[in-house]
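Just below is one structure, and these are the notes that go with it.
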Amino acid sequence: MMAVGLQFFRLPPEEKEKLYSDEPSKKIRLSTSFNVRKETVHNWRDYLRLHCHPLEEFLPEWPSNPESFKEIASEYCREVRRLGLRLLGMISLSLGLEEDYIEKALGEQEQHMAVNYYPQCPEPELTYGLPKHTDPNALTVLLQDPSVAGLQVLKDGGRWIAVNPRPNAFVINLGDQLQALSNGAYKSVWHRAVVNAAQERMSVASFLCPCNSAVISPAAGLVRDGDAPVYRSYTYDEYYNKFWSRNLDQEHCLEFFRYAPQLQ
């Protein structure tokens, strides 16, 4: 997957340009930064965004160059989805819920992938590959470049810790929807990507997302008797639209969905 992704980014610019779009809602696109239309400072990143489920619906629109791209990337997506659903089952059990609780709560989950390319940056101290953010989805399976570090996570509210790549390992990021469903028992992690002047870097992030109509709210079994839930009910479509209306590094989007009891 990493090799064929790098082959794509090394195609001639006129070949890649066919897929370019700065429209955030477009499901298959090549773009740069995060939200080009809103940012005052752009990120040092190119990325290929691919929707992956249902695969047969989106596969025809995927790049045909490199020739092996569709075959390799589609098999990768299938395996990542299996892994992600197994992890959601384990997280459900860890919360004392039925194994399929989270999967059912999220509905027929969408899946998309970002193949990220971070070129060498002449002045890396002036920008990020991606600024700090949490993922708006449920679960992210991240494949890191095996030889170049760049991912950092925020530890204890104040220290940025490098997540160095490990051979044959994925990094699993918990997203905002798992924080809401677990009533805050699990936290979505603040993370960012830094760049460097010496080496290019790749990563492949796969996102498992609720269906747009899924109603997200804390599981009833996790709200103690007499206590209010931390977050109100909302649809994932409502959340996702709010997320994309902001800059990436603003306050946690979940703060807009905290439960506010009605005054009597």
Side-chain angles (χ1 to χ4, degrees), residues 1-78 80 110-124 126-131 133 135-137 140-145 147-148 150-151 192-207 209 240-241 243-249:
M1 183 64 229
M2 294 290 280
V4 80
L6 188 57
Q7 288 174 33
F8 171 83
F9 283 106
R10 288 182 173 164
L11 290 172
E14 58 271 18
E15 179 69 20
K16 292 182 289 185
E17 187 180 17
K18 299 172 185 176
L19 289 167
Y20 181 81
S21 174
D22 63 4
E23 172 51 59
S25 64
K26 191 170 182 181
K27 295 182 182 296
I28 312 292
R29 67 186 178 112
L30 175 68
S31 193
T32 186
S33 202
F34 172 70
N35 193 340
V36 175
R37 297 178 177 183
K38 293 184 65 66
E39 295 163 345
T40 54
V41 177
H42 298 320
N43 311 142
W44 198 263
R45 174 182 74 138
D46 293 332
Y47 67 97
L48 178 63
R49 175 184 171 88
L50 302 173
H51 271 238
C52 311
H53 185 81
L55 194 56
E56 60 276 8
E57 177 180 336
F58 298 111
L59 189 59
E61 300 179 56
W62 286 13
S64 298
N65 191 7
E67 188 176 340
S68 61
F69 186 90
K70 287 184 178 180
E71 179 184 356
I72 292 172
S74 59
E75 182 61 22
Y76 179 80
C77 288
R78 290 187 191 99
V80 165
E110 294 193 8
Q111 179 183 352
H112 64 273
M113 177 167 67
V115 186
N116 300 307
Y117 177 69
Y118 304 96
Q120 294 169 260
C121 181
E123 296 182 280
L126 297 183
T127 188
Y128 292 102
L130 274 173
H133 64 285
D135 289 341
N137 51 295
T140 303
V141 179
L142 178 68
L143 177 62
Q144 293 204 84
D145 192 306
S147 56
V148 186
L151 174 65
R192 66 186 185 185
V194 297
V195 291
N196 68 82
Q199 294 176 288
E200 63 185 4
R201 176 174 168 263
M202 289 273 301
S203 71
V204 181
S206 298
F207 308 97
C209 312
Y240 203 61
N241 288 334
F243 181 85
W244 275 99
S245 71
R246 306 155 59 252
N247 286 332
L248 190 60
D249 58 353

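Only a predicted model underlies this, so the values are computations on that prediction, with no experimental measurement involved.
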_Pairwise side-chain contact, Tyr118 with Asn196, heavy-atom cut-off 4.5 Å (strictly under)_ = no
*Would Glu200 and Arg10 count as a salt bridge (Lys or Arg N to Asp or Glu O under 4.0 Å) if you check the C-alpha gap in whole Å, the side-chain angles of each, and the deciding distance to 0.1 Å?*
CA-CA 12 Å; Glu200 63 185 4; Arg10 288 182 173 164; 2.3 Å; yes
*Side-chain heavy atoms of Tyr128 within contact of Val194, under 4.5 Å*: yes
*Interatomic spacing from NE2 in His51 to CH2 in Trp62 - rounded to 0.5 Å*: 11.0 Å
*If every non-hydrogen atom of Lys70 is compared with every non-hydrogen atom of Ser64, which pair is closest and at what distance?*
NZ-OG, 3.5 Å
*asked:* If I compare all heavy atoms of Tyr47 with all of Leu30, which pair ends up nearest, and what's the gap?
replied: O-CD1, 3.3 Å
*Should Arg201 and Leu151 count as side-chain neighbours, where that means a heavy-atom distance under 4.5 Å?*
yes
*In Å, rounded to the nearest 0.5 Å, how long is the span from OG of Ser68 to CD of Gln7?*
5.5 Å
_Side chain Asp135, main chain Asn137, donor-acceptor under 3.5 Å_ = no
*For Met1 and Val115, what are the C-alpha separation, side-chain angles and deciding distance, and is it a side chain to side chain contact (heavy atoms under 4.5 Å, CB included)?*
CA-CA 9 Å; Met1 183 64 229; Val115 186; 4.1 Å; yes
_Check whether Ser31 reaches the backbone of Ser21 with its side chain - one donor and one acceptor, N or O, closer than 3.5 Å._
yes
*Note, Ser206 side chain near Met113 side chain (heavy atom, < 4.5 Å)*: yes
*If you round to the nearest 0.5 Å, how far is CG of Leu143 from CE of Met202?*
8.5 Å
_Working to the nearest 0.5 angstrom, can you tell me the gap between Tyr117 OH and Lys16 NZ?_
7.5 Å
*Could you give the distance from CG (Leu50) to NZ (Lys27), rounded to the nearest 0.5 Å?*
12.5 Å
*More than 12 non-hydrogen atoms from neighbouring residues, nucleotides or ligands closer than 6.0 Å to CD on Glu67, yes or no?*
no
*Give a yes or no on this: more than 12 heavy atoms of other residues, nucleotides or ligands lie within 6.0 Å of atom CD of Glu71.*
no
*Taking the side chain as every heavy atom from C-beta outward, state whether Leu48 and Phe69 have any atom pair closer than 4.5 Å.*
yes
_Closer than 3.5 angstrom, by distance alone: can the side chain of Trp44 be matched with the main-chain N or O of Pro119 as a donor-acceptor pair?_
yes
*Qualifying residue, where the test is side chain to side chain contact (heavy atoms under 4.5 Å, CB included) with Phe8 and the options are Asp46, Asn65, Leu19*: Leu19
*Please confirm whether the backbone N or O of Cys77 pairs with a side-chain atom of Gln111, one donor and one acceptor, at under 3.5 Å?*
yes
*Does Arg29 use its side chain to pair, donor to acceptor, with the backbone of Glu23 at less than 3.5 Å?*
yes
*Mind checking the NE2-CG spacing from His53 to Leu59? Nearest 0.5 Å is all I need.*
13.5 Å
